[in-house]
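Throughout, a chain's letter reflects where its sequence line sits, starting with A, and its residues are numbered from 1.
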Amino acid sequence: MLELRNLSIDFGKGASRVQAVKGISLSIAKGETVALVGESGSGKSVTGMALTRLLPEPPAFYAGGEILFEGRNVLGMNARELRALRGGKIAYVFQEPSTSLNPVFTVRSQIAEALHLHRPEVADVDAEVVHCLDMVGIVSPRQRMDDYPHQLSGGMQQRVMIAMALACRPQLLVADEPTTALDVTVQAQILDQMRQIKQQTGMAMLLITHNFGIIGGIADRVAVMFRGKIVEEGATATVLGNPQHAYTKALIGCIPQLGQHRRRLTTIDHDALGALC
Amino acid sequence: MVAYLIRRLFFFVPIVFGVMLLTFVLFFVVQSPDAMARRVLGPKATPKAVENWLHNRGYDKPLLLNRTGQAPWHDSLFLNQMGRLARFDLGKSDVTNRPLAEDFREGALPSLLLTVPAFFVGLALSVVFALYLVFIRNGVVDLAASLACVALMSVPVMVYIIAGQFLVAQVLNYFPAFGFQLEGFSTAKFLLLPVALMVVSGLGADVRLFRAMFIEEMGQDYIRTARAKGVSSALVLLRHVFKNGLINLITLVVASLPFLIMGSVVLENFFGIPGLGNKLFSAIQAPDFAVVQASVFLGSLLYLGGLLLTDICYAWADPRIRLQ
Amino acid sequence: MAAFDLVWVQNLSVFTGYALLGGALWRVAGTERWKAAWHRLRGDRTGMAALALICVFLLVGTLESFSVPQPTGSRTLLQLATAGIPQEKGYSAPLATTTLSVANPTPLAGRHLLGTDALGRDTLVQTLRATRSALWIGGLTSIIYIPLGVLLGILAAFYRGWVDDVVQYFYSTVAAVPEILMLVSILMVLGKGLGTMAIALGITGWVGMARLIRGETLRQVERPYVAAARAMGQSDWKILMRHLLPNVMHLVLIKAVLGFSGLVLAEAVLSYLGVGSPVGTASWGAMIDASRSELSREPFVWWNISTSAGALFLLVLALNLFGDSLRRAFDPKHG
Ligand SMILES: Nc1ncnc2c1ncn2[C@@H]1O[C@H](COP(=O)(O)OP(=O)(O)O)[C@@H](O)[C@H]1O
Ligand SMILES: [Mg+2]
């Protein structure tokens, strides 16, 4: 369904050019969940945003490669086609729910806006909004939908973000660090919710995270990203159980394990890794 | 909300007191009442005339407290003035001896006729230009417009007026370049040029400020969310950026709303509009310290009123704000 | 003898002004942030052009500020440099050969690139001489309001509590008076003059600086380096001078440059209101004011206002552009 071929993305031109993504290839099949894991700054978010050309251009610049969604090259689409893609086919959930929702619009109007854009045939918008909120486990959605974002807790806000993304029944959900900003207990609830939704709707998902610890029960495959490149890719169980690349091992070593005697937390020796890659 | 506003009002009392103390010290301590009388009456005034003038205005009383024993302790220059202002009595002109409240009431309408249209036209134009510049941001036109804004800001208001009057009167020979008559609808023809000049002279700074505000809004996370939903760039701007920017903008702009009544000193003088600004100009030339002092008092009240209005507008426009 | 002394007081104060500016820049010039900003600034063509233009104005103003005693009274360096330009009998247009008078035009003693004024003085020279007023207003006011605003702002944020309350009360009170009224009130009492204008503008000007510095210092005080310095037992004064002040200096510079342009404009407006430059001082405000009657003459005199307003415009524009460039250089993300 989605295929990245040798995609390269730069920021800036000339002397200040930064190569954020250096020729990565990745594919996601229908209904599949792929985790994109790597430390902060490795280019995960840039990759995720690139899928619908959300990066501001300039400074972003697509230096090479292709993004194929259902066989069509996203990089060749015009503004109108891109708008239909965004939210309609590929929807996003971002890291910081407290700032990602517009503070001056109610939950209802923000979800309704998405519905209006991609599913204009929906007659009873309110009912649909309630349905979406219900799906992400918000209790008494009818009351909640008239709230402004600041009236909700962080976990609730993230649920609203997910509801908004689901409202248009996308084929692919890009979840960029969806739980990083949340408390540990809330993290688990949200991940659980996402797992359920995935089963209910059968949509594909790109789960972007720096934390190997959260992908276990949810991702089918893992791609490990380091300094703009994918250094290892494979089935989740394989990669977690038998990591090949030194960077992957280091990242997995970073996961604090419950119940175990706390070993020294591994820190990553970047220079040594850089030489390897 | 009401409790909040009342608390705010109490907070204003010391400020108004401070302002009055400031002008009092300036006019009656730094400069002695004697010196003031001589400046108002001119160098040729006889000592008797000076004494009379001081006595008629109560300026010959002790400054802070009356310790002469012949009058109650509070019969002093400062306390009398404070008492007067606390009753919103603005006093009388040093020159014409007319009650200032009358003067000010007379001047308010012409001032408002000038400033209100200029304010709203200027605001609307600035917002529209700023939004457009954000829409085409970082392009050549945007850069050129930013430069033009700085250029507009770098011209003193008198140059706008002189150039404007000159062009209209000498070159175009069009509607009256000077003069003012309050006669119903046809007053507009006297106001066209000054209003236009007021708008132009403020445009550069406002467009720049609003543009920066909207650009700041563009960088917020929820704008990314809106774009990720598939909202078009025009709608992102007109709905998401505009509404958030507007809240900041309102709070900024509302504070200056009460000042519209004070008019514009330079413009009114140039065009002979008999508003409060012009009265202040005459008072400066005279000099008439009572008018200036009353204007300061009024101005500080308007300023504080503006602050209050800002709070109310904030609470009204921004769902996040609750006044407590 | 008194006049002689005054000349040297003035000459010395120009030195003092430059020394203060140089000293302040010297203290921060070595820090990473300033080096990086200077590096970015050098790549900014508009900014460098504006800086060059400002330097030209500074040079002209400085030449007009240095006086040398002469047998006929003291003369400024600029006067000496332009002594060869003759004075005419009255108005003459740019490059004209006779005076403007329609009835009996008299031949001119020389050519004047931008014409002459009512007294027959060369317009360009008068405009250049007026640079001095603008720079003195800006400079004197800056010397008053910058230390005042920075000090009060830092102290308020550092000590909080009642210090903060008092400072906030002071600036709320000053801010409550509309600026023009405040300026006019002070100048009506103190009288016209460059010095009194600087005092008046200083009294109204420190509020903005204090607010800005207070806000930034409040942020800085939260930073770990301040806690670390405290933990090491450094005195409050040392923390203020060594750590906090250098960290807000870039904001002071940006605000000072942008504020300077406002001061130049204010001089023009105050002079127009009759409470600014004393009669007889060469000032752009006075020249612009005089042009009201000049433009209604027949034939009208346009070169005085064009030249003086043009010079004022160039200086203010250069200051505004340079201030913007500084802001971008110090804060490239939000420039
Ligand atoms: N707007 C931008 N301007 C310049 N460089 C950027 C921008 N956004 C991202 N980058 C660069 O791309 C790199 C990858 O960023 P990102 O994809 O956000 O990392 P992460 O893996 O933590 O999501 C960063 O290290 C940064 O250098
Ligand atoms: Mg990221």
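Heavy-atom neighbours of B:F24 CZ from other residues, nucleotides or ligands within 6.0 Å: above the threshold of 12. The number of heavy-atom neighbours closer than 6.0 Å to CZ of B:F11, taken from other residues, nucleotides and ligands shown, is 12 or below.
Interface residue B:I15: backbone and side-chain heavy atoms are both found under 4.5 Å from chain C. For B:F297, no part lies near chain C; criterion is any non-hydrogen pair under 4.5 Å. Heavy atoms closer than 4.5 Å to chain B are found in both the backbone and the side chain of C:A175. Looking at B:A212, there are no atoms closer than 4.5 Å to chain C (heavy atoms on both sides), in backbone or side chain. For a residue to count as touching a neighbouring chain, one of its non-hydrogen atoms must lie under 4.5 Å from one of that chain's; by this rule B:V265 touches chain C with the side chain only. Both the backbone and the side chain of C:S185 have a heavy atom closer than 4.5 Å to some heavy atom of chain B.
For the set B:M36, B:R208, B:M153, the count of heavy-atom pairs under 4.5 angstrom toward chain C peaks at B:R208. When C:V275, C:V174, C:L319, C:I186 are compared by the number of non-hydrogen pairs under 4.5 Å with chain B, C:I186 comes out ahead. Among the candidates C:T46, C:V184, C:D289, the residue making the largest number of heavy-atom pairs closer than 4.5 Å to chain B is C:V184. The greatest number of non-hydrogen atom pairs below 4.5 Å with chain B, out of C:V264, C:V177, C:L187, is found for C:V177. With chain C as partner, the option from B:V155, B:L22, B:I284 having the largest number of non-hydrogen pairs under 4.5 angstrom is B:I284. Taking B:L26, B:V30, B:I215, B:T23 one by one and counting their heavy-atom pairs under 4.5 Å with chain C, the maximum is reached by B:L26.
In terms of heavy atoms, C:L273 sits closest to B:Q285 at O-NE2, 2.7 Å. Shown here for B:S154 and C:L265, the closest heavy-atom pair between the two residues is O-CD2, 4.0 Å. When every heavy atom of C:N320 is checked against every heavy atom of B:V150, the shortest pair comes out as CB-CG1, 3.4 Å. The shortest heavy-atom contact between B:A283 and C:M188 is O-CE, 3.9 Å.
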Could you go through B:F17 and C:T173, starting from their C-alpha distance and side-chain angles, then the distance that decides it, and tell me whether this counts as side chain to side chain contact (heavy atoms under 4.5 Å, CB included)?
CA-CA 9 Å; B:F17 178 79; C:T173 305; over 6 Å; no
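Between B:L280 and C:L181 the shortest side-chain heavy-atom distance falls below 4.5 Å. When side chains are defined from C-beta on, B:Q31 does not count as touching C:L190, because their heavy atoms never get closer than 4.5 Å. In this structure the side chain of C:V189 reaches within 4.5 angstrom of the side chain of B:F289, judged on heavy atoms. Side chains of C:V269 and B:M158 form a contact here, defined as non-hydrogen atoms less than 4.5 Å apart.
Residue B:S295 holds its OG atom at 11.5 Å from CD1 of C:I180, rounded to the nearest 0.5 Å. Atom CG in B:L147 sits 6.5 Å away from atom CG in C:L317 (nearest 0.5 Å).
At a heavy-atom cut-off of under 4.5 Å, chain C is reached by B:G299, B:S300, B:Y303 from residues 299-307 of chain B, listed in order of number. Within residues 197-205 of chain C, no residue has any heavy atom less than 4.5 Å from a heavy atom of chain B. Residues of residues 300-315 of chain C that come within less than 4.5 angstrom of chain B, heavy atom to heavy atom, are C:F300, C:I305, C:A309, C:L312, C:F313 in numerical order.
For the pair C:R292 and B:F270, the distance from NZ or CZ to the six-membered ring centre is under 6.0 Å and the angle to the ring normal is within 45 degrees.
Under the side-chain hydrogen bond (donor to acceptor under 3.5 Å, both in side chains) criterion, C:R129 pairs with C:E64, not counting sequence neighbours.
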